[in-house]
Amino acid sequence: MSTPLTVDPAERPAPAFLHGPAKELLIDGAWTAARSGKTFETFDPATGKALASVASAGAEDIDLAVAAARRAFEAPSWADITPYQRSRILLQIADVLEAHAGELAVLDSLDMGGPLWMTRWLVDHSVEVFRHYAGWPTKIYGQTAPSDPSTFNYTLRQPLGVVGAITAWNGPVLQLAWKLGPALATGNTVVAKPAAWSPLSALRIGELLLETDLPHGVVNIVTGDGAVTGEALTNHAGVDKISFTGSLAVGKRILEVSAKDLKRVTLELGGKSPTIVFDDADLEAAAKGAVAGFAQGSGEGCVAGTRIFVQESVREQFRELLLREMKAYTLGDPFHPDTRMGPLASSQHFQRVSAYLDIARDEGGTLETVGESAGLYMPPTLIENVGADARVVREEIFGPVASLMTFADTDDAIAQGNDTIYGLSASVWTTNLERAHRTASGLRAGTVWINAYADMSAGTVPFGGFKQSGIGREHGIEVLDAYTETKTVMVHL
Ligand code: NAD
């Protein structure tokens, strides 16, 4: 493979948002520096250059942000707003994000290295997510319960209060939208903490929210690293719920800290998803889907299909198709139109993924890499001759790396697919209906795609993990449970 595609530095986008002094925290509708005055820098992984200085929030800033969110929650301006007004504001948010979709996608590509076509697609999806949630406020019903004639019993769905929304670096706008949409639709207020590697789009969204009728303090945005800013938010007694997207290790920490005051918690964590290819599948389509599953977005996706299982009888044929498809994944600057894979998000992350390639060799694996790494660019790698106990088969790598293994029959495919602590997603490739549905039913995963990979709906279907891939669901009807309490009212007549 040739060297990564480049873009003339003069042609790379330089949004006006990046200019000026350090980016501040959004608290109660106003921009403010961290009380400590501390800042950190965020970098462009394609060039290694600093993009902007950003405020690093400490516990005292979290106090202010949570207090603002609490005031906004209790103020008539948000708690008693009509559902119709809340819908209208969510539609305004969708419109203002849509009007700035290009800029938001550029900020994400600069900050975390995803190709522009991909970040743009994710921003467009996020706009639709807000439109989806704009429909909910007028449809959050309680129930009446059967009772004897002397009583009247009914339930109300009420917001939780202040939600701490903590997100990972790999899909900044999308993950924020997935949390703001349902939290706001159900009447909660939010303190959002984006990841330290990619905080810029969240801050720009903060500016855009100020252009809408969203009352001040309903959404506050605090930046900083996990150990200080994230921990202070999770620890804060004034926060009613943490909605977290990130790694399993930090998810466990969130659960531990939240237990102190029994905060509600939604966890969207990692995965080691299986791609299962039966001998009757359209093998060309399956190979395209399988490679997209682990190489699209440089494999920096929670749903990455990093364990590929192919039925023994078609292994060689499928392997050839996989290698051919991997060659189509051109490395390049996120802003080059032909780029399929940008750089990994940071040098720290590049080293982590590279270390897994060494681990695979140490474990006796055979590696097929279609090209060479350069800078933070890493081509796709297929690992063969590793068993189910290999670390590269068990642990989430979060880079463009997958292992190829075989299975004998449907039961074996299900058993091997389930042989993981994770359970976020899976894809099944077959033209046989019985195999498709039996495998989908047997896999312990939150989402199963059949003859597709990583299709997403803008809010309509639930998303989340079985086992150690998470707790709770985002989207679908289930999301209402994640952001509301049910109150029973019993009336003596
Ligand atoms: P991470 O867990 O390191 O960080 C996620 C967020 O948590 C960041 O904002 C970080 O600053 C914060 N954080 C870190 N330590 C904290 C602490 N002690 N208390 C509170 N907050 C803390 O994850 P990452 O490296 O940013 O993202 C990659 C991980 O996210 C992968 O495991 C990936 O699978 C997962 N992910 C899951 C989904 C999903 O929907 N299931 C989506 C995207 C990414």
Side-chain angles (χ1 to χ4, degrees), residues 40 42 54 56-57 59 62 108 111-112 114 122 125-126 129 164-179 191-199 201-202 221-236 239 242-260 263 265-273 294 297-306 344-346 348-350 352-353 395-399 420-425 445-447 454 456 461-475 479 482:
F40 65 96
T42 174
V54 179
S56 184
I62 298 298
D108 275 356
D111 231 4
M112 49 69 72
L122 293 172
H125 167 94
S126 303
V129 165
I166 302 177
T167 45
W169 49 262
N170 63 323
V173 171
L174 172 126
Q175 289 173 31
L176 188 62
W178 281 29
K179 299 196 186 309
V191 178
K193 193 207 90 62
W197 289 354
S198 56
S201 57
I221 300 175
V222 293
T223 42
D225 69 8
V228 175
T229 317
E231 191 88 13
L233 184 57
T234 313
N235 222 343
H236 201 291
V239 173
I242 296 289
S243 181
F244 173 78
T245 297
S247 63
L248 173 57
V250 176
K252 287 182 177 172
R253 174 73 187 150
I254 299 272
L255 208 52
E256 194 183 312
V257 176
S258 299
K260 182 172 62 81
K263 285 185 178 62
V265 173
T266 296
L267 300 178
E268 291 288 356
L269 308 178
K272 196 73 191 175
S273 297
F294 78 91
S298 298
E300 297 171 328
C302 52
V303 293
T306 49
L344 298 196
S346 71
Q348 192 185 328
H349 187 56
F350 183 89
R352 184 178 176 278
V353 178
E395 298 174 17
E396 184 183 48
I397 298 175
F398 222 57
T420 167
I421 60 167
Y422 293 107
L424 192 58
S425 64
T447 300
M456 280 199 284
V461 297
F463 180 85
F466 278 40
K467 301 194 277 184
Q468 294 189 42
S469 282
I471 294 179
R473 291 290 179 273
E474 296 193 297
H475 306 322
V479 81

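Since the structure is predicted, the reported quantities are computational estimates derived from the model, not experimental observations. Both counts, for ligands and for their atoms, begin at 1 and track the order of listing.
- The shortest contact between atom 7 (O) of ligand 1 and any protein heavy atom is with Phe244 CE1, 3.1 Å.
- Annotation for ligand 1: atoms under 4.0 Å from non-hydrogen atoms of Gly270 are 32 (O), 34 (O).
- Nearest protein neighbour of atom 12 (C) of ligand 1, counting heavy atoms only, is Ile166 CG2, 3.7 Å.
- Counting heavy atoms closer than 4.0 Å to ligand 1, residue Thr245 contributes atoms from both its backbone and its side chain.
- Ranking the protein heavy atoms by distance from atom 34 (O) of ligand 1 puts Glu396 OE2, 2.6 Å first.
- Residue Trp169 holds the heavy atom nearest to atom 26 (O) of ligand 1 of all those in Trp197, Trp169, Trp178.
- At under 3.5 Å, not a single nitrogen or oxygen of Glu474, backbone or side chain, sits near a nitrogen or oxygen of ligand 1.
- Within the 4.0 Å heavy-atom criterion, the part of Leu269 lying near ligand 1 is the backbone and not the side chain.
- Against a heavy-atom cut-off of under 4.0 Å, Phe463 is close to the following atoms of ligand 1: 40 (O).
- Counting only heavy atoms of the protein, atom 44 (C) of ligand 1 lies nearest to Asn170 OD1, 3.4 Å.
- The aromatic rings of Trp169 and Trp197 sit tilted relative to each other, their planes meeting at an angle between 30° and 60°.
- Considering only non-hydrogen protein atoms, atom 27 (O) of ligand 1 sits nearest to Ala168 CB, 3.2 Å.
- Of the possible polar contacts, none joining the Lys179 side chain to the Gly164 backbone as a donor-acceptor pair under 3.5 Å is found.
- In terms of polar-atom proximity, defined here as any N/O pair under 3.5 Å, Thr167 does make such a contact with ligand 1.
- In summary, the atoms of ligand 1 found under 4.0 Å from a heavy atom of Cys302, numbered by their order in the structure, are 34 (O), 36 (N), 37 (C), 38 (C), 39 (C), 40 (O), 41 (N), 42 (C), 43 (C), 44 (C).
- Contact annotation: for Leu424 versus ligand 1, heavy atoms closer than 4.0 Å belong to the side chain alone.
- Within the set Lys272, Gln175, Met112, the minimum heavy-atom distance to atom 43 (C) of ligand 1 is found for Gln175.
- With hydrogens and angles disregarded, a donor-acceptor distance shorter than 3.5 Å links the side chain of Thr420 to the backbone of Tyr422.
- In summary, the atoms of ligand 1 found under 4.0 Å from a heavy atom of Gly230, numbered by their order in the structure, are 19 (N), 20 (C), 21 (N).
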